[in-house]
Amino acid sequence: MPTIAIAASPPLPSARQRAVVLRLTRWLVDRGVRPERVVVRFDPAPDLYAGGWPVSGHTTVTCCVGPDRDGDFRAALAGHVAATLGGTGFFYLEFRTTPPADVYVRVGHQLVRADQPDPVREETA
């Protein structure tokens, strides 16, 4: 269940956020991820300092992906995220390996681990 958290300063307008979400989702779907399992969120950008100096016009991204995603996948995703967001300011992207067994999502009225079958899908299959 890839999760991408984006904090941009200045914040992206709503229409631009939607375009980013769609482009990232399509990229991940093309690599076998179910679209409903792609989570993209936009967080407020905190003040950022590099080398002791304030940085304006920056974007920080955290991508949580499963341990089965290799370095080639991560490098390709990092490049795609950077290209999708564009810009020329400071850009920082970090990966966090997150086992699906450590992720819970609400499906209907149940909390389900991301590594378990979706009960709603199972009932309708």
Side-chain angles (χ1 to χ4, degrees):
M1 182 161 212
T3 301
I4 302 170
I6 300 166
S9 174
L12 299 177
S14 297
R16 180 75 178 114
Q17 287 182 10
R18 181 74 176 138
V20 166
V21 168
L22 289 174
R23 190 165 174 199
L24 295 177
T25 300
R26 289 179 180 143
W27 189 90
L28 288 160
V29 166
D30 287 347
R31 282 142 189 88
V33 178
R34 292 184 1 214
E36 68 272 15
R37 295 290 178 135
V38 177
V39 176
V40 180
R41 75 171 193 255
F42 294 88
D43 297 330
D47 291 339
L48 181 70
Y49 296 84
W53 297 97
V55 176
S56 60
H58 63 277
T59 302
T60 59
V61 179
T62 303
C63 295
C64 298
V65 296
D68 59 324
R69 301 297 183 177
D70 65 14
D72 290 340
F73 176 89
R74 292 168 191 243
L77 178 56
H80 185 70
V81 169
T84 297
L85 291 170
T88 57
F90 181 85
F91 179 84
Y92 173 89
L93 186 143
E94 160 184 340
F95 281 98
R96 293 188 185 161
T97 302
T98 307
D102 291 344
V103 176
Y104 288 81
V105 293
R106 185 183 314 271
V107 178
H109 296 290
Q110 300 177 352
L111 279 181
V112 179
R113 279 190 358 207
D115 65 338
Q116 301 298 310
D118 183 336
V120 172
R121 280 189 180 267
E122 295 295 314
E123 290 173 8
T124 59

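Note that the structure is predicted; figures quoted are calculated from it, not measured.
Atom CZ of Phe42 and atom OG of Ser14 lie 9.5 Å apart (nearest 0.5 Å). Residue Leu77 holds its CG atom at 4.5 Å from SG of Cys63, rounded to the nearest 0.5 Å. Atom OH of Tyr92 sits about 13.5 Å away from atom OG1 of Thr59, to the nearest 0.5 Å. Separating the OH atom in Tyr104 from the CE atom in Met1 is a distance of 13.5 Å, to the nearest 0.5 Å. In this structure, Leu85 CG and Arg23 CZ are separated by 9.5 Å, a value rounded to the nearest 0.5 Å. Atom CD of Gln17 is separated from atom CZ of Arg41 by 12.5 Å, given to the nearest 0.5 angstrom.
The shortest side-chain heavy-atom distance between Pro100 and Pro67 falls under the 4.5 Å cut-off. Under the 4.5 Å side-chain criterion, counting only non-hydrogen atoms from C-beta, Ile4 is not in contact with Val20. The shortest side-chain heavy-atom distance between Pro2 and Val33 falls under the 4.5 Å cut-off.
Val21 and Val81 end up in the same hydrophobic cluster when Ile, Leu, Val, Met, Phe, Trp and Tyr side chains are linked at under 4.5 Å. In terms of hydrophobic clustering, with Ile, Leu, Val, Met, Phe, Trp and Tyr side chains grouped at heavy-atom distances under 4.5 Å, Leu48 and Phe91 are assigned to different clusters. Under the 4.5 Å side-chain heavy-atom criterion for ILVMFWY residues, no single connected hydrophobic cluster contains both Leu12 and Val55. Hydrophobic clustering of Ile, Leu, Val, Met, Phe, Trp and Tyr side chains at less than 4.5 Å, counting indirect connections, keeps Val105 apart from Leu28.
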Go through the steps to decide whether Thr62 and Asp43 satisfy the test side chain to side chain contact (heavy atoms under 4.5 Å, CB included), and finish with yes or no. CA-CA 11 Å; Thr62 303; Asp43 297 330; over 6 Å; no
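Between the side chain of His58 and the backbone N or O of Tyr49, no donor-acceptor pair lies under 3.5 Å. Between the side chain of Arg69 and the main chain of Arg74, no donor-acceptor pair closer than 3.5 Å is present.
Checking each of Val38, Val39, Thr98 against Thr3 for a side chain to side chain contact (heavy atoms under 4.5 Å, CB included) leaves exactly one that passes, namely Val39.
Annotation: ring-ring contact (aromatic ring centres under 6.0 Å, His included) contacts of Phe73 (sequence neighbours excluded): Trp27.
Remark: Arg18 CZ is loosely packed, at most 12 non-hydrogen atoms of other residues, nucleotides or ligands lying under 6.0 Å away. Heavy atoms of other residues, nucleotides or ligands lying less than 6.0 angstrom from CZ of Arg16 number more than 12.
Nearest approach of Gly57 to Pro10, heavy atoms of both residues: CA-CD, 4.4 Å.
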